[in-house]
Amino acid sequence: MNQREEPAQAMTSVVRRVELSIVVPVFNEEESVQPLINRISEAMVDFGSSWELILVDDGSTDRTLPNARSELARPGLRLKVIELQKNFGQTAAMQAGIDAASGRLIATLDGDLQNDPRDIPLMVAAIEARELDLLVGWRKNRRDGLLLRKIPSWCANYLIGKITGVKLHDYGCSLKIYRGAIIKQVKLMGEMHRFIPAWVAGVVPSSRIGEMAVTHHARHFGTSKYGLSRTFRVILDLLAVLFFMRYKARPGHFFGSIGLAAGGISALILIYLGIDKFILGNDIGTRPMLLVGIMLFLSSIQLITTGILSEMMARAYFRDDETASYIVRQVFDQEPPHA
């Protein structure tokens with residue numbers, strides 16, 4: 001009996017040796033990457049548990065990758081640098097880091113030095129004390145422009161909370177702490193990193209999602225990767241999130257309900273016109289209502305058919321959903337220091 005338990009105990013110790021993984025996607029942050037690593041290392045000095053840092057280079061065209069790789073030799077730092085084949089976007093880079101993380105808890109933050117790594121140990125303590133699965137940072141005193149950043153963000157946060165039902169002050173803050181087992185159940189695609197709390201709410205109750213005020217700094221290096229156009233993309237992404245949250249497993253209900261409604265209206269119109277034609281003897285050939293009724297009838301058939309096809313595609317999606325949203329070119333790693 002003891003012989004069987006020893007390998008299991010050894011395996012458990014290997015799995016649990018990393019308590020926290022810190023994932024940072026970076027893109028053209030050559031001036032920020034080394035100060036970022038310094039700040040994270042300083043913030044985690046008194047953490048008291050094992051942790052690792054994972055930098056994901058999202059196809060940078062400057063010296064971000066070489067600057068990150070130069071830190072691999074730093075003593076006392078467990079660092080992994082993942083180079084993506086091209087620029088896939090922040091969401092895909094974040095997904096690559098999460099997939100590579102081995103920590104029981106996973107923290108994510110931006111690589112532009114606006115998030116403060118000193119908040120990470122406090123958030124780790126808070127997520128444990130409050131028994132949450134996701135703790136979201138709230139940039140209460142945000143150091144960004146009012147017109148181009150704050151106002152669009154406020155509008156987006158209100159819309160997201162209203163539609164998804166997950167009430168948070170700041171969806172856009174990249175500083176978040178997850179339970180690794182939970183976030184690995186969520187597949188991030190497109191530009192959906194803004195809606196991570198909504199996706200997580202699809203696998204856990206919203207009561208296990210919380211927020212915490214965090215420090216936010218003004219950008220010191222480089223330029224922001226976002227502009228006012230992001231607001232319009234957020235609206236389009238929000239519609240997609242709403243569809244996936246409510247109809248991902250049953251898209252036929254979405255298209256079918258619209259098709260049935262159109263078919264019902266079409267039936268009423270055609271029945272009325274039929275009575276008017278065959279009972280009252282009026283001419284209906286030139287009446288616009290006839291064209292509307294026929295178009296609604298054809299639309300209902302198309303929508304119901306689309307719903308059936310969507311159901312077939314959804315079943316194929318859930319059966320074989322292993323396609324990654326990124327391609328890793330190379331992974332630069334270092335062995336953890338021996339005790």
Side-chain angles (χ1 to χ4, degrees), residues 11-26 33-57 68 71-72 74-82 90 93-138 173-186 188 193 196-197 199-200 203-204 208-216 331-339:
M11 184 178 296
T12 301
S13 64
V14 171
V15 172
R16 292 181 179 176
R17 63 182 178 180
V18 178
E19 177 70 9
L20 174 68
S21 297
I22 302 175
V23 175
V24 187
V26 288
V33 64
Q34 289 176 326
L36 173 69
I37 295 175
N38 291 337
R39 291 188 185 183
I40 292 176
S41 298
E42 293 169 1
M44 301 301 293
V45 166
D46 298 322
F47 181 59
S49 299
S50 56
W51 62 279
E52 64 178 356
L53 174 59
I54 300 175
L55 294 180
V56 184
D57 177 56
E71 298 294 319
L72 288 168
R74 180 186 295 208
L77 175 65
R78 182 168 184 173
L79 174 63
K80 179 183 294 184
V81 180
I82 300 175
Q90 184 176 355
M94 191 176 293
Q95 181 71 70
I98 291 172
D99 290 343
S102 56
R104 185 179 68 85
L105 298 174
I106 298 176
T108 59
L109 69 156
D110 280 334
D112 55 11
L113 301 178
Q114 291 194 268
N115 297 135
D116 196 329
R118 290 177 295 183
D119 288 317
I120 294 176
L122 301 176
M123 294 183 72
V124 169
I127 196 175
E128 298 286 28
R130 296 163 61 181
E131 297 183 351
L132 300 174
D133 291 322
L134 167 60
L135 184 62
V136 181
W138 172 19
C173 182
S174 294
L175 181 53
K176 298 180 176 71
I177 306 288
Y178 316 82
R179 294 197 186 275
I182 298 299
I183 190 58
K184 287 179 182 289
Q185 297 177 37
V186 179
L188 306 178
H193 60 277
I196 287 178
W199 294 124
V200 172
V203 296
V204 299
R208 296 189 65 88
I209 300 173
E211 64 181 348
M212 173 180 168
V214 296
T215 305
H216 189 248
V331 176
F332 305 94
D333 202 350
Q334 62 178 152
E335 291 296 328
H338 297 287

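Quick note: numbers below take in every heavy atom, side chains included, and nothing from hydrogens, waters or symmetry partners.
- The shortest side-chain heavy-atom distance between M44 and L20 falls under the 4.5 Å cut-off.
- Listed by chain and residue number, E19, R104, L105, R179 satisfy the side chain to side chain contact (heavy atoms under 4.5 Å, CB included) test with E128 (two or more places apart in sequence, or in another chain).
- Applying the side chain to side chain contact (heavy atoms under 4.5 Å, CB included) criterion to A96, with sequence neighbours excluded, gives V56, L84, Y326.
- Atom CG of residue L55 and atom CD1 of residue I22 lie 10.0 Å apart, to the nearest 0.5 angstrom.
- Residues R78 and V18 have side chains in contact (heavy-atom distance under 4.5 Å, counting atoms from C-beta outward).
- Taking 4.5 Å as the limit, every side-chain heavy atom of D119 sits out of range of all side-chain heavy atoms of L109.
- Under 3.5 Å, the side chains of Q95 and D99 contain a donor-acceptor pair of N or O atoms.
- Within the 4.5 Å cutoff, no side-chain heavy atoms of I183 are placed close to those of L134.
- Here OH of Y178 is found 9.5 Å from CE of M123. Values are rounded to the nearest 0.5 Å.
- Side-chain N or O atoms of K184 include one that pairs as donor or acceptor with a backbone N or O of I98 at under 3.5 Å.
- Atom-to-atom distance recorded for I196:CD1 and S174:OG is 8.0 Å, nearest 0.5 angstrom.
- Side chains of N115 and R39: a donor-acceptor N/O pair is absent below 3.5 angstrom, by distance only.
- Remark: side-chain polar atoms of T108 are not paired, donor with acceptor, to backbone N or O of V23 under 3.5 angstrom.
- Applying the salt bridge (Lys or Arg N to Asp or Glu O under 4.0 Å) test to R118 and every residue at least two apart in sequence or in another chain returns D116.
- Taking CD1 of I106 as the reference point, atom CE of M94 lies at 11.5 Å (rounded to 0.5 Å).
- Applying the salt bridge (Lys or Arg N to Asp or Glu O under 4.0 Å) rule to E211 yields no partners; only residues at least two apart in sequence or on another chain are considered.
- Among residues two or more places apart in sequence or in another chain, the ring-ring contact (aromatic ring centres under 6.0 Å, His included) test is passed with W138 by H169.
- For L72, the side chain to side chain contact (heavy atoms under 4.5 Å, CB included) test picks out R69, L79, V81, F332, with sequence neighbours left out.
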